[in-house]
Amino acid sequence: MTARWPTFAPALDRATHHAREWLMSLAERPVHPSARPDELAAVLGGPLLDGPTAPETVVDELATGIEPGLVGMPSGRFFGWVIGGTHPAALAADWLTGAWDQNAAMRHSMPGVVAVEDAAAAWALDLLGLPPGADVGFVTGATMANFTGLAAARQHVLTEAGWDVTRDGLAGGPRVRVLVGAERHETLDLALRYLGLGTPTAVAADDQGRLVVDDLQRALAEGKAPTIVCLQAGNLHSGAFDPLADAIELAHRHGAWVHIDGAFGLWAAASPRLRHLVAGLERADSWATDAHKTLNVPYDCGLAIVSRPEPLRRAFGMRAEYFATFSGPGDPLEKVPELSRRARGVPVWAVLRSLGRSGVEDLVDGLVANARAIADGIATIDGAEIVNDVVFTQVCVAFGSDERTRAVTARVLADGVTWMSGSRWQGRDVLRVSVSNWSTDAEDVARSVDAVRRAASTD
């Protein structure tokens, strides 16, 4: 028997109530959770009940039990790691995605959500200035976006070397050389491990974490193996961008595939004021980015973009007949490592449709403006040093000795007004600020700077 609306209504009504209460609490609730995992486990765990519980009761128990352990990640004062908030249109679309419960794998089986994802993909390519014929796959995040782009890269460079990795695997084939910047994000190494390509060769980086082109040239000249070059659009600590145009031109001259990890920084291309940071971006071969960072859709959503369909679809396609032709839009399952997946592109469509071109531009520019405002405010605190050039959304601060920096960071987190991550960069402990939330405003900036000031003055 098909489920009827009355079956769902009580639970969804309670879920709506709790979601509203959560979102309304963000303005004033401490960003730091008040409960430890073991305390939460005692409430939410225990022996499984022998009999059923009404769905609406389950929702109430879940929301009440988990609430003390929730981090205020959607708050405008959350600056931890690189985690965006959730735009209202994207959140609502994500709810609908769950209600529709479509498996976005095959074009003709699920035409509605595939059409939405096609539109979202076309809009993203347009905003980022990437080739309109590129394939776009909606994956869980930047880790799997890197994995997907690098799988296509592996397929291409081995095919060019005369090795059929689809038929023969990696054993016995030529070793693929992967060159990365010394300050790449470790998810690149993880993706390469998944792909059986081993540890990459690091190329020198400068004091802002940008790959040094002269050292890349030296590394490329050292051998003729099938080669992949990984570049970075947005350093985790400094926000700096590799010199993309020069590095891409050099890599292509040596026959290498170029992949760009742009988890949060790729969206600089959507702003005329910031586009110079990614000059030459469109000449790469594959790109990875998150939508749940700068674009502010709910977890989890990343975009894997590959300029040529053939190596991507050879890597992930399931049917032999696809090896004959790669024209046309293809099925979503040919562009990602999953067969069964939710329609992650629907919230992307919603946020892009809601913001439009100028709204995305304002979103990215606003994040950068807030990062600079936070840096300017913290710079007035006695003993604080901004240790990076604030070119995008990342700010790193030191407070003299590593010991004092760690102490200030701990007091900032304990205060609860804002969340800023501790990290270590360029041989120093730092307080790292990542501005990624669309809702951050001048009041959030001021309150967060004041929280850092209080933490730094308690010595």
Side-chain (Asp94) to main-chain (Pro347) donor-acceptor, under 3.5 angstrom: no

Please check if the side chain of Asp290 supplies one atom and the backbone of Lys293 the other of a donor-acceptor pair under 3.5 Å. no

Give a yes or no on whether a salt bridge exists between Arg424 and Asp429, defined as a side-chain N under 4.0 angstrom from a carboxylate O. yes

- So, does Thr289 use its side chain to make a donor-acceptor pair with the main chain of Ala263 at under 3.5 Å? yes

Which of Glu117, Glu338, His292 passes side-chain hydrogen bond (donor to acceptor under 3.5 Å, both in side chains) with Arg344? It is Glu338

> Is there side-chain contact between Val165 and Leu170, with heavy atoms separated by less than 4.5 Å?
Replying inline: yes

| Verdict with reasoning, Thr227 to His254, per side-chain contact (heavy atoms from CB on, under 4.5 Å) | CA-CA 8 Å; Thr227 302; His254 284 81; over 6 Å; no

Open item on the list: Just so I know, are the side chains of Gln102 and Val114 near enough to count as touching, which here means a heavy-atom distance under 4.5 Å?
Closed with: no

I want to check something: taking the side chain as every heavy atom from C-beta on, are Thr409 and Met420 in contact at a cut-off of under 4.5 Å?
no

Sidechain-backbone polar pair: Asp285 side chain, Val258 backbone, donor-acceptor under 3.5 Å: yes

Taken to the nearest 0.5 Å, the spacing of Leu188 CG from Leu150 CG works out to 6.5 Å

In short, Asp207 meets Gln426 closest at the heavy-atom pair O-NE2, 3.2 Å

Tightest non-hydrogen contact, residues Val417 and Val31, listed as O-CG2, 3.3 Å

In this structure, NE2 of His87 is separated from CG of Asn296 (nearest 0.5 Å) by 8.0 Å

For Gly280 and Ile248 the tightest heavy-atom approach is O-CD1, 3.3 Å

Could you tell me if the side chain of Phe79 sits less than 4.5 Å from the side chain of Ile374, heavy atoms only? yes

| field | Side-chain donor or acceptor of Arg107 paired with backbone N/O of Gly330 under 3.5 Å | value | yes

Practice task
Determine, step by step, whether Leu352 and Val360 satisfy the side-chain contact (heavy atoms from CB on, under 4.5 Å) criterion, reporting the C-alpha distance in whole Å, the side-chain angles of both residues, the deciding distance to 0.1 Å, and the verdict.
Solution key: CA-CA 7 Å; Leu352 294 179; Val360 175; 3.8 Å; yes

task = Using a strict 4.0 Å threshold on nitrogen-to-oxygen distance, state whether Glu361 and Arg357 make a salt bridge.
result = no

Does Arg77 reach the side chain of Ser448, with side-chain heavy atoms less than 4.5 Å apart?
yes

- [ ] Inspect the surroundings of CG in Leu40 and state if more than 12 heavy atoms from other residues, nucleotides or ligands are less than 6.0 Å away.
- [x] yes

Of all heavy-atom pairs linking Trp22 and Gly72, the shortest is CH2-CA, 4.1 Å

Determine whether Leu281 and Leu130 make a side-chain contact, defined as any pair of heavy atoms from C-beta on separated by less than 4.5 Å. yes

Those residues at least two apart in sequence (or on a different chain) that pass side-chain hydrogen bond (donor to acceptor under 3.5 Å, both in side chains) with Asp214 are none

Separation between CG (Leu355) and CG (Leu363), nearest 0.5 Å, reads 6.0 Å

- Query: Got Pro298 and Thr86 here, is their nearest side-chain heavy-atom distance under 4.5 Å?
  - Reply: yes

Those residues at least two apart in sequence (or on a different chain) that pass salt bridge (charged side-chain N to carboxylate O under 4.0 Å, His left out) with Arg253 are Glu249

**Prompt:** Under 3.5 Å, side chain of Trp419 to main-chain N/O of Trp81, donor-acceptor pair present?
**Reply:** no

d(Tyr299 OH, Met73 CE) to nearest 0.5 Å is 5.0 Å

- Message: Contact between Asp246 and Leu250 at the side-chain level, heavy atoms closer than 4.5 Å - yes or no?
- Response: no

In terms of heavy-atom contacts, does CZ of Arg406 have more than 12 from other residues, nucleotides or ligands at under 6.0 Å?
-> yes

In this structure, OG1 of Thr140 is separated from CG of Asp300 (nearest 0.5 Å) by 5.5 Å

(message) Can a donor-acceptor pair be found, under 3.5 Å and without considering hydrogens, that links the side chain of Asn146 to the backbone of Thr187?
(response) no

Notebook entry, point to check: Would you call Arg313 and Asp135 a salt bridge, using N to O less than 4.0 angstrom?
Noted result: yes

- Item | Thr418 and Val412: CA distance, side-chain angles, deciding distance, side-chain contact (heavy atoms from CB on, under 4.5 Å) verdict | CA-CA 7 Å; Thr418 186; Val412 167; 3.7 Å; yes

May I have the list of side-chain donor-acceptor pairs in residues 385-395 shorter than 3.5 Å, sequence neighbours left out?
| from | atom 1 | to | atom 2 | distance (Å) |
| --- | --- | --- | --- | --- |
| Glu385 | OE1 | Arg428 | NH1 | 3.2 |
| Glu385 | OE1 | Arg428 | NH2 | 3.0 |
| Glu385 | OE2 | Arg428 | NH1 | 3.4 |
| Asn388 | OD1 | Cys396 | N | 2.8 |
| Asn388 | ND2 | Ser238 | O | 3.2 |
| Asn388 | ND2 | Gln394 | O | 3.0 |
| Gln394 | OE1 | Arg432 | NH1 | 3.0 |
| Gln394 | OE1 | Ser434 | OG | 3.4 |
| Gln394 | NE2 | Ser434 | OG | 3.1 |

(message) Tell me whether Asn103 contacts the main-chain N or O of Arg341 through its side chain, where contact means a donor paired with an acceptor under 3.5 Å.
(response) yes

Evaluate the side-chain contact (heavy atoms from CB on, under 4.5 Å) criterion for residues Val364 and Arg273: first the C-alpha distance (whole Å), next the side-chain angles of each, then the deciding distance (0.1 Å), finally the verdict.
CA-CA 10 Å; Val364 178; Arg273 297 171 189 82; over 6 Å; no

Requested in this report: Report, as yes or no, whether the 6.0 Å neighbourhood of atom CD on Glu186 holds more than 12 heavy atoms from other residues, nucleotides or ligands.
Outcome: no

Minimal heavy-atom distance between Thr405 and Val397, with the atoms involved, is CG2-O, 4.1 Å

What one should report as the nearest heavy-atom pair of Ser423 and His237 is OG-NE2, 2.6 Å

dist Leu96:CG -> Leu91:CG (nearest 0.5 Å) comes out at 10.0 Å

Worksheet item: When you measure from the side chain of Thr148 to the backbone N and O of Met144, does any donor-acceptor pair fall under 3.5 Å?
Response: yes

- Verify, without hydrogens or angle tests, whether Arg177 (side chain) and Gly223 (backbone) share a donor-acceptor contact under 3.5 angstrom. yes

